[in-house]
There are 2 protein chains.
Amino acid sequence: MTYDVIFSAIGDPTRRSVLEALRHQPMTVGMLAKQMPVSRPAVSQHLKVLRNAELVTVTPRGTANEYALNKKGLEDIRGWLDGMWDDALEAFKSHVEQKPKSKPRRKK
Amino acid sequence: MTYDVIFSAIGDPTRRSVLEALRHQPMTVGMLAKQMPVSRPAVSQHLKVLRNAELVTVTPRGTANEYALNKKGLEDIRGWLDGMWDDALEAFKSHVEQKPKSKPRRKK
DNA sequence: CCTATTAGTAAGCCATGACTTACGATGTAA
DNA sequence: TTACATCGTAAGTCATGGCTTACTAATAGG
């Protein structure tokens, strides 16, 4: 697992739309494409990226492929976020006593 | 606030490096640039994006500009993540009884 | 079988954005 | 004031990646 793969995956708005469409129930590629502004192959390519980032899983059902959210990827994101928080809170605490700011700059 | 701005901001690996460098203590642009593989103007441009996403804050100190993490952006990310979880957990539960998968495809 | 449905891949186009160098603006200190 | 340090922005280059239109593969059903 690399954060690069995960964050570049959710960095794309179309892919986030896919994830949000899968929040309530699994869907096939065709169903997803039908409610999105891009073509089915485009959705297919996005799903490949999401699969690689372990953000979705696939289950073949006949000729259809059913995609669903994958907890793994979401947990990875949470892990990164928690790591940021822990250290950040420390940093915030040790900077409650702010040093004085310099005088404001003249506007151009 | 838009998730587009936030997620496209953290989608870039260099910008995530910046955030991680700021986890422990605030830093100036020069300090950040010194420990990164890109030029100072590049860092400056990234900081502009991070500022716009409310992921960092600036404090002028003389001619130097000190950047620090901004809780706001991190909280926004957590918000998105929590939203995904709530609905996703429901979906997971209602699919514990899996329908049978079709027979596997022949390999090409 | 033969056809229809569903989906992944290949190839190519094109916009977005990440980077560099050059420059201008601001604040500090002698 | 002059020189220096620090920074943001402008302009231009170039690679990345998201999209479309073919095309191919695989399964279900008559």
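- Regarding L47(B), its CG atom lies at a distance of 16 Å from the P atom of dT6(D), rounded to whole Å.
- For the OP1/OP2 pair of dG8(C) and a distance below 4.0 Å, the side-chain nitrogens and oxygens of N65(A) include at least one atom meeting the criterion.
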Return the polar atom pairs (N/O with N/O) between nucleotides 15-21 of chain C and the protein under 3.5 Å, or none.
residue, atom, partner, partner atom, Å
dA18(C), OP2, R15(B), NH1, 3.0
dA18(C), OP2, R15(B), NH2, 3.2
dA18(C), O5', D12(B), OD1, 3.4
dC19(C), OP1, T14(B), OG1, 3.1
dC19(C), OP2, H46(B), NE2, 2.1
dT20(C), OP2, S39(B), N, 2.8
dT20(C), OP2, S39(B), OG, 2.6
dT20(C), O4, Q45(B), NE2, 3.1

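- Straight-line distance from the CE atom of M31(A) to the C1' atom of dA7(C): 15 Å, rounded to whole Å.
- Counting non-hydrogen atoms of other residues, nucleotides and ligands closer than 6.0 Å to NZ of K72(A) gives a total above 12.
- Between L32(B) atom CG and dG8(D) atom P there is a gap of 10 Å when expressed in whole angstrom units.
- For the pair N52(B) CG and dG8(D) P, the interatomic distance rounds to 14 Å; values are reported in whole Å.
- Between the side chain of R15(B) and the backbone N or O of S8(B) there is at least one donor-acceptor pair closer than 3.5 Å.
- Between the P atom of dG8(C) and the CZ atom of R61(A) lies a distance of 14 Å, rounded to the nearest Å.
- Residues Y67(A) and M31(A) fail the side-chain proximity criterion, which asks for heavy atoms closer than 4.5 Å.
- The bend of the helix from dC1(C)-dG30(D) to dA30(C)-dT1(D), defined by the angle between the axes of its first five and last five pairs, stands at 20° to the nearest 10°.
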N/O to N/O distances under 3.5 Å, protein versus nucleotides 1-5 of chain D:
none

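- A sub-4.0 Å separation between OP1 or OP2 of dG8(C) and a side-chain N or O of Y67(A) is present.
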